[in-house]
Structure formats: C-alpha cells, structure tokens
Participant: 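Below you will find the structure I want to go over with you.
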Amino acid sequence: MATDRRVQTLARHLAQVPSSEQSEGLTRLACSAQTHRSLPRFDSVVLEHYLDDQRSLKLEVYELFRQHPELLPAVYEGMPKEEHRELVRKQLLVLLGAGYSPMQFFAKDYKKYFYLGELLALIDLSLTVKLGVQYSLWGGSICNLGTERHRKQYFEDIDKFRLPGCFAMTELRHGSNVAALETEAVLDLATDEWIITTPDDGAIKWWIGNAAEDGQACTVFARLKVPVPERDGMLVDHGVHALVAPLRSSKGEICPGVEIRDCGYKVGLQGVDNGSIRFAGLRVPRDNLLDRFASVDRSGNYSSPFSPGRRFGATLGELTGGRVGLTSSSIGVLKGAVTVALRYNAQRQQFGPPEAPEISVLDYQSQRQKLLPLLATCYALHFTRGVLVAKYEEAKVTKDDKIVADVHAMSAGLKAYTTGYTANALSVCRESCGGHGYAAINRFGSWRSDHDIFQTFEGDNTVLYQQVAAMLLKGYKDKFSGAPLQATYTYLRQWASDALPPNPLVSHDTTTRHLRDSSFLIRSLRYRTARLLHTAAARLRKHSRKMGAFHAWNRCLPHLLLLARAHIESLILDANLKAVSACPDPECRKSLKALADLFALQRIHDDILFAHADYVAPDKAKAIQRLIEQLCSELRGVALPLVDAFAIPDHILRAPIGLSASQQHGQQYNEYLAAVGWELGA
Ligand SMILES: Cc1cc2nc3c(=O)[nH]c(=O)nc-3n(C[C@H](O)[C@H](O)[C@H](O)COP(=O)(O)OP(=O)(O)OC[C@H]3O[C@@H](n4cnc5c(N)ncnc54)[C@H](O)[C@@H]3O)c2cc1C
C-alpha cells in the first residue's frame with residue numbers, strides 16, 4: 001500500500017514538473033522499486049547440461065561452422081536472392097560433407113533431427129527451411145506416404161541431396177483448404193501411367209520450396225481420377241493423393257510437360273528458391289502413386305483400408321514432422337533474440353539517480369516486465385518441445401492411433417503457439433534494444449522477416465488452432481459417451497470439478513505461498529480450458545440447431561481459438577513444472593521454478609476470464625500483479641546466467657550488441673564499433 005501511494009504521489013508530482021526532471025524522477029522510482037533479492041546464483045554450465053541432452057551435436061555443428069566463417073555473413077539484408085540461395089546450398093553441403101545424415105535422423109533419430117532444426121535456425125533461417133523442405137517435406141512424404149519400394153528408390157539420393165525435391169501441395173487458389181486442390185492425375189489404362197495436369201491457372205502450384213532452382217522431383221498433391229471401364233471409361237474422382245513427379249534433369253533441364261517460374265523476392269527467406277509449377281500432361285508411371293494409404297492396380301481398381309475421410313486425415317496426419325521441426329526452429333530464434341536483448345539491456349545504461357552512476361536499462365521495471373516473461377516463456381517452450389518430440393517418437397515406434405492423434409493435435413497447437421509467440425517477441429526484443437536493435441548487423445531485422453512466415457506455412461496458425469479445438473470438443477463428447485480419452489486430455493475427466501470456481505476463501509487467498517503453489521497454477525489454467533470447453537460446446541449446440549454446423553462454428557470462432565490457446569498453455573505449464581521438479585540442481589531449480597511461476601501468473605493476470613468468473617477476486621489479482629513484479633526483480637539477477645545456459649556461441653549469434661565476450665570484458669560497444677569499421681581507441 002505504501003509503495004502504491006508513493007507511486008501515485010510521484011505520478012502527480014511528475015505531471016507538474018518539466019520533462020528533464022521527470023526522467024530523473026522516473027529513474028528514482030525504478031531504483032527504489034528494485035527492492036527484491038535476487039535468486040541464488042547457479043552455474044550456467046550445469047543448467048546447460050540439464051537443458052541439452054544433445055549437447056555434443058550442438059558443439060560439433062557449431063564447431064563445423066566456426067571453420068567456415070565465409071558461410072556466416074554478418075548481414076543478409078541487401079544480399080541478392082541468387083547469392084543467398086548459393087550460400088544456403090554451400091551451408092547444406094558443408095553439413096552433408098561432414099557426414100551428417102538428416103534423412104536418417106528424420107527417419108530414425110528424431111531428437112537429433114529436430115534439434116538440428118533449432119541449431120541451424122541461428123546460422124540462417126533459410127538453411128533451416130531448405131533443410132525442412134528437402135527432408136521433412138520431400139523426404140518425409142516419401143517415407144511416410146509411400147511404401148518400401150519408394151523408400152528404397154529415393155532415400156539415399158534425397159539424403160545426400162543428389163535428388164533435391166519439393167513438396168508441391170499449395171496452389172494459387174488454395175492453401176489451407178487442401179481438400180479443394182484442383183491439380184489432376186488421371187490414370188491412362190492403356191499406358192499404365194498417370195497424366196498430371198493443371199486444369200487452369202488457379203491450380204498452378206505456388207510457393208513450392210526448392211522448385212525455382214534446385215528441385216529435380218516433387219511430391220505432387222493431385223486429385224486422383226481413375227476410369228471405370230464398365231461405365232464407358234467415366235472418371236471417378238478419389239480425392240487428393242500424393243504422387244512422385246519429375247521436374248528437371250540432374251543438369252537442370254526442365255522436363256517436358258512441366259513449366260516453372262520463380263516466386264521472386266519475398267519478405268524474407270531469400271535463400272530458399274520458392275517457385276510455381278504448371279503441369280501440362282506430364283506422364284508418370286502408375287507406381288509413382290505414394291500408396292501407403294490407398295493403391296490402384298493395373299486394371300484401375302482403387303482400394304484403401306480407410307474411408308475417404310480417414311484416408312485424407314491419415315495422409316495429412318503423417319506431415320506432423322514438419323510442424324515439430326518449425327516449432328524447434330522457432331524456439332531457436334526465440335533463444336537467440338532473448339539472449340541478445342537481455343545481454344544488451346543488462347549493459348546499456350540510461351539515466352540514474354542524482355550524483356550517482358547511470359543505471360542499466362534492465363533495472364527499469366518496465367523493461368524487466370517486457371523481457372523476463374519472454375525468457376520465462378522461452379524456457380517453458382523449450383521443455384514442452386522436449387515432451388512433444390518424445391511423444392512424436394512414441395507415436396512413430398508404437399503407431400498407436402491414440403498417440404498419433406495426440407501428437408497431431410499437440411504439434412498443430414504448439415507450432416501455432418510458438419511461432420505466434422516468437423513473432424511478437426522478436427518485435428519486443430528489437431524495441432527493447434532501442435536504436436541499436438534496428439541495425440541489420442544485430443540480426444533482429446532478418447530474424448523478424450525470415451521467421452514471420454512460420455506463422456503461415458505448414459498450416460496457418462488460425463487454421464491449426466481450430467484443429468486443436470475440434471480435437472478437444474471430440475474428447476469432450478467422447479467423455480460423455482464413455483469412450484477412452486487421448487492421453488493429453490485426461491485432465492478433462494475432472495472438468496466438472498475444474499470448471500467450478502474455487503470456494504471464496506481460495507479466490508481471495510493472496511498469500512505468496514498459495515500463489516506459487518504448482519497445484520494452484522495448474523488448476524487455474526485447467527479451469528480456464530475446462531470452462532471454455534464447456535461453454536463452447538453449449539454455444540455450438542445452441543447455434544447448430546438454428547444455423548447448421550458450419551455457421552455455428554464460424555459464429556463461435558474467437559471462443560474456439562481462445563479454447564485452443566488455453567489448452568496449449570495448460571500443456572506448456574504441465575511440461576514446464578515437470579521439468580522444474582526433475583532438475584537435480586537445487587539452485588538451478590529455484591530459478592526454473594520462478595520462471596515457471598512467472599509464465600503461469602502472467603497468463604492468469606492477463607486473462608479477464610479469471611476475474612469474470614470470480615476465480616480471482618480483485619485483491620488476489622492485485623497480489624498476482626505484485627508477485628509478477630517481484631519475480632521479475634528476482635529473476636533480473638540471474639537473467640544473464642539463464643541466457644548463458646542456452647550456450648549460443650558468439651560466432652553463431654553474431655549480433656555485436658549481444659555477444660557473451662562483451663559481457664565478460666565489459667566492452668559492449670567494441671564489437672559493434674569494429675563491425676561498422678571503427679578502429680578501436682584510434
Ligand atoms: C515462403 C513460403 C514457403 C512455402 N512453401 C511451401 C511448400 O514448399 N509447399 C507447399 O505446398 N506450400 C508452401 N507454402 C504455402 C503455405 O503452406 C500456405 O501459404 C499456407 O498453407 C496458407 O495457405 P494460404 O496462403 O492459401 O492462406 P489462406 O488459407 O488463403 O489464408 C488467408 C487468411 O485466411 C485465414 N483463414 C483461412 N482459412 C480459415 C478458416 N477456416 N478459419 C479462419 N480463418 C481462415 C488465414 O488465417 C489467413 O489469415 C509456402 C508459403 C510461403 C509463403
């Protein structure tokens with residue numbers, strides 16, 4: 001109360017004094033607010049070991065690139081796209097030349113594959129995306145949608161990049177709505193071939209990675225049309241299927257029946273050669289159909305063990321690997337940005353109390369409350385990605401339908417959440433570094449423009465969140481019909497109790513002990529999901545009766561998106577708190593717990609639902625706000641070791657204002673001055 005009064009008095013006072021004196025007053029306020037003790041110091045190397053069970057891969061890959069400084073340019077802005085594409089090709093070949101086998105990783109060593117995606121993100125996001133196109137998409141479609149003979153035929157060449165390829169799904173007119181794609185593959189019974197055709201310009205394949213320069217083949221998604229001899233050769237449309245189609249010879253000559261154009265300069269990712277493709281009667285053997293889920297025999301008989309809806313779902317479900325990869329890379333970028341921002345903010349000084357040195361900008365409450373929640377979320381996402389990758393591995397090994405569906409929903413939701421969060425965080429980090437954050441050499445600009453599209457490709461985030469909401473609603477329905485629930489939804493069993501607000505004593509409990517109790521935090525986020533789910537189901541039921549399912553869904557869409565995000569935040573908190581408990585080092589554990597608490601309390605504080613539902617009484621909301629401030633203050637003292645634990649070497653991070661070396665020597669501007677051509681001390 002006393003502090004509140006002081007702040008109000010000071011604010012009144014500041015309104016009446018000239019602006020030069022205002023800044024001094026604000027500084028004093030910031031300093032006086034810094035009253036909380038820091039968390040105990042810990043050894044960042046100990047934490048790094050806890051975070052990274054693939055640490056040796058990181059050391060090797062980053063050492064490899066240390067030996068190739070020519071592949072690590074200081075800035076990408078202004079580089080012609082042809083030059084950037086060539087650079088990315090060289091980066092990839094260096095990796096392959098050192099004996100890495102991304103296709104093997106993708107098929108068998110999942111942890112390594114996804115971790116590689118994180119590591120390469122800070123080298124060049126174009127490289128990560130090129131890798132994703134070649135291995136997750138092109139290679140992944142062969143491995144997951146094809147059968148053994150396809151794997152035998154293509155696996156080695158894809159792995160070694162002797163057969164660069166594409167994943168040709170999106171068309172000019174349709175991206176998210178894959179079922180509406182229009183490219184056709186018609187079976188010619190006389191020659192036993194598929195004839196692939198683009199029926200009109202709206203069906204030109206668009207944005208296809210690797211198509212503009214490198215791609216020699218692609219997996220093309222087309223409507224399978226098969227003639228029925230008994231019905232005068234009438235064509236039956238079996239819906240969208242995947243086939244392998246050649247695009248170019250190894251010498252780069254485009255195949256007859258194929259036309260390709262470059263998509264040109266993009267907002268970012270200039271190192272990836274996206275192109276558009278038109279097919280004009282390209283003929284491929286019948287065996288080129290990737291036939292794991294459906295096949296067509298020599299007589300044109302179509303067969304699939306699935307109903308058309310389930311076959312389509314199974315086909316798209318096999319593409320989750322790409323989303324797990326994007327989540328990993330996005331976390332890699334977030335770690336880089338938070339590292340640069342916190343290191344710079346800790347050293348940058350502006351203003352200070354009279355007759356005293358200036359203070360670090362990170363000591364301003366406003367700055368801490370911008371950056372430390374980003375760090376907390378970065379850790380939370382790191383741990384959740386670990387759970388997702390483990391589940392992905394389990395799904396691949398067991399092929400259990402429930403786990404596969406679970407991974408599908410979790411990868412969709414976490415991809416959407418992580419990439420959306422990182423996109424915003426990049427702007428916050430840039431702004432937190434003031435003008436120097438805007439210098440291309442400090443990397444925020446290229447990260448922002450390269451990463452932005454992560455929110456759209458491999459599933460637009462808004463569309464992915466809807467898949468999560470649909471799965472939750474299905475789980476909710478199954479619960480009442482007695483069907484078994486998928487693993488991540490088991491907590492919905494308790495929805496009836498979770499969806500009720502706590503008794504008034506709990507909603508007014510403002511003690512720190514209660515607010516930092518993991519069971520309170522978990523229960524709160526679950527309560528929110530359960531309530532949103534319960535009310536969404538009721539609203540959908542009501543509106544469906546009047547306007548039909550499609551329009552009812554549209555009517556409830558904002559509610560459904562909130563539901564999906566709430567569910568993902570629940571999963572993130574669960575994974576985070578489990579990782580905190582499992583950490584063997586007590587000092588590290590204290591900081592990790594503070595980060596996890598900050599993550600959860602910030603969500604409770606920011607969501608008005610808790611107040612509306614009487615879950616959090618006004619006095620409790622105030623106590624949460626104070627606790628958030630306190631946690632930010634406590635974490636400020638360990639912010640640098642916390643980012644040091646990400647252990648991003650300086651030659652990879654490259655942003656002169658955020659290097660670890662400048663922290664150690666207290667010379668934060670030296671690297672920056674040298675980078676723009678100043679001779680030091682001249
Ligand atoms: C750089 C880049 C690389 C790419 N690489 C490839 C590739 O290699 N292979 C490939 O096949 N494709 C690729 N794509 C295409 C990408 O996958 C699609 O752009 C993406 O799936 C989104 O589809 P869209 O562009 O048609 O957007 P749309 O689906 O048209 O979306 C437009 C807007 O409408 C909203 N919207 C759409 N449907 C709904 C709905 N049901 N409810 C609410 N809102 C909705 C979206 O949120 C979005 O804001 C790439 C794209 C880019 C830009």
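Below, each value reflects all heavy atoms present in this structure, side chains not excepted, and no hydrogens, waters or symmetry copies. In listed order, ligands and their atoms are each counted from 1.
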Participant: Relative to atom 20 (C) of ligand 1, which among Thr456, Leu464, Val272 owns the nearest non-hydrogen atom?
Facilitator: Thr456
Participant: Give the residue, atom name and distance (to 0.1 Å) of the protein heavy atom nearest atom 50 (C) of ligand 1.
Facilitator: Trp207 CB, 3.4 Å
Participant: Rounded to the nearest 0.5 Å, what's the gap from NZ on Lys108 to CD on Gln104? Could you check?
Facilitator: 4.5 Å
Participant: Which is it for Asn274 and ligand 1 at heavy atoms under 4.0 Å: side chain, backbone, both or neither?
Facilitator: side chain
Participant: In the protein, what heavy atom is nearest to atom 48 (C) of ligand 1, and what distance, to one decimal place, separates them?
Facilitator: Asp460 OD1, 3.6 Å
Participant: Where's the contact between Val129 and ligand 1, heavy-atom distance under 4.0 Å: side chain, backbone, both or neither?
Facilitator: neither
Participant: Hey, does Ile208 sit under 4.0 Å from ligand 1 if you only count heavy atoms?
Facilitator: yes
Participant: Closest non-hydrogen protein atom to atom 39 (C) of ligand 1, residue and atom name please, with distance?
Facilitator: Val463 CG2, 3.8 Å
Participant: For the pair Gln455 (side chain) and Asp452 (backbone), establish whether a donor and an acceptor sit closer than 3.5 Å, ignoring hydrogens and angles.
Facilitator: yes
Participant: If you apply the rule salt bridge (Lys or Arg N to Asp or Glu O under 4.0 Å), what do you find for Arg89 with Asp273, and how did you get there?
Facilitator: CA-CA 11 Å; Arg89 248 174 244 127; Asp273 53 321; 5.1 Å; no
Participant: In terms of residue, atom name and distance, what is the protein heavy atom nearest to atom 42 (N) of ligand 1?
Facilitator: Gln466 NE2, 2.9 Å
Participant: Evaluate the 4.0 Å heavy atom contact test for atom 35 (C) of ligand 1: does a protein atom fall under the cut-off?
Facilitator: no
Participant: Decide yes or no on salt bridge (Lys or Arg N to Asp or Glu O under 4.0 Å) for Arg85 and Asp262, but give the supporting numbers first.
Facilitator: CA-CA 12 Å; Arg85 290 172 183 179; Asp262 197 318; 2.8 Å; yes
Participant: Strictly below 4.0 Å, N to O, side chains only: are Glu182 and Arg173 in salt-bridge contact?
Facilitator: yes
Participant: So which heavy atom in the protein is nearest atom 2 (C) of ligand 1, and how far is it from that ligand atom?
Facilitator: Phe457 CD2, 3.7 Å
Participant: Any nitrogen or oxygen of Gly209, main chain or side chain, under 3.5 Å from a nitrogen or oxygen of ligand 1?
Facilitator: yes
Participant: With distance as the sole criterion, is a donor-acceptor pair present between the side chains of Arg385 and Ser328 under 3.5 Å?
Facilitator: yes
Participant: So which bit of Lys205 gets within less than 4.0 Å of ligand 1, heavy atoms only: side chain, backbone, both or neither?
Facilitator: neither
Participant: Tell me which one of Gly175, Gly459, Cys218, Gly268 gets a heavy atom nearest to atom 24 (P) of ligand 1.
Facilitator: Gly175
Participant: Looking at non-hydrogen atoms alone, which of Lys266, Glu171, Gln455 comes nearest to atom 1 (C) of ligand 1?
Facilitator: Lys266
Participant: Give me the nearest non-hydrogen protein atom to atom 53 (C) of ligand 1 as residue plus atom name, then the distance to 0.1 Å.
Facilitator: Ile453 CD1, 3.4 Å
Participant: Ligand 1 and Ala168, any nitrogen or oxygen pair closer than 3.5 angstrom?
Facilitator: no
Participant: Just heavy atoms, cut-off under 4.0 Å: does Thr170 contact ligand 1 by side chain, backbone, both, or neither?
Facilitator: both
Participant: Are there protein heavy-atom neighbours of atom 17 (O) of ligand 1 below 4.0 Å?
Facilitator: yes
Participant: Parallel, tilted or perpendicular, judged at 30° and 60°: which one describes the rings of Tyr302 and His238?
Facilitator: parallel
Participant: Looking only at protein heavy atoms, which one is nearest to atom 29 (O) of ligand 1, and how far off is it?
Facilitator: Ser176 OG, 2.5 Å
Participant: Determine the sole option in Ile260, Val258, Asp201 for which the side chain to side chain contact (heavy atoms under 4.5 Å, CB included) test with Arg278 is passed.
Facilitator: Asp201
Participant: Without swapping roles, check the side chain of Asn274 against the backbone of Cys263 for a donor-acceptor pair under 3.5 Å.
Facilitator: no
Participant: Just to confirm my output: which protein heavy-atom neighbour is closest to atom 9 (N) of ligand 1, and how far is it?
Facilitator: Phe167 O, 2.8 Å
Participant: Would you say the side-chain atoms of Ser330 pair up with the backbone N or O of Leu326, donor to acceptor, closer than 3.5 Å?
Facilitator: no
Participant: Within the structure, does at least one protein heavy atom fall under 4.0 Å of atom 6 (C) of ligand 1?
Facilitator: yes
Participant: So, regarding Met169 and ligand 1 (criterion: nitrogen or oxygen to nitrogen or oxygen, under 3.5 Å), is there a contact or not?
Facilitator: yes
Participant: Taking atom CZ of Arg283 as the centre, report whether more than 12 heavy atoms of other residues, nucleotides or ligands fall under 6.0 Å from it.
Facilitator: yes
Participant: Roughly how far apart are His451 NE2 and Leu334 CG, rounded to 0.5 Å?
Facilitator: 8.0 Å
Participant: Is there at least one protein heavy-atom neighbour under 4.0 Å from atom 32 (C) of ligand 1?
Facilitator: no
Participant: Judged by atom type as modelled, is there a donor-acceptor pair below 3.5 Å linking the side chain of Asp237 to the main-chain atoms of Lys225?
Facilitator: no
Participant: With the threshold set strictly below 4.0 angstrom, can you tell me whether any protein non-hydrogen atom sits that near atom 12 (N) of ligand 1?
Facilitator: yes
Participant: Start with the C-alpha distance between Arg151 and Glu148, add both sets of side-chain angles, then the distance that settles salt bridge (Lys or Arg N to Asp or Glu O under 4.0 Å), and finish with yes or no.
Facilitator: CA-CA 5 Å; Arg151 258 167 255 151; Glu148 194 47 37; 3.1 Å; yes
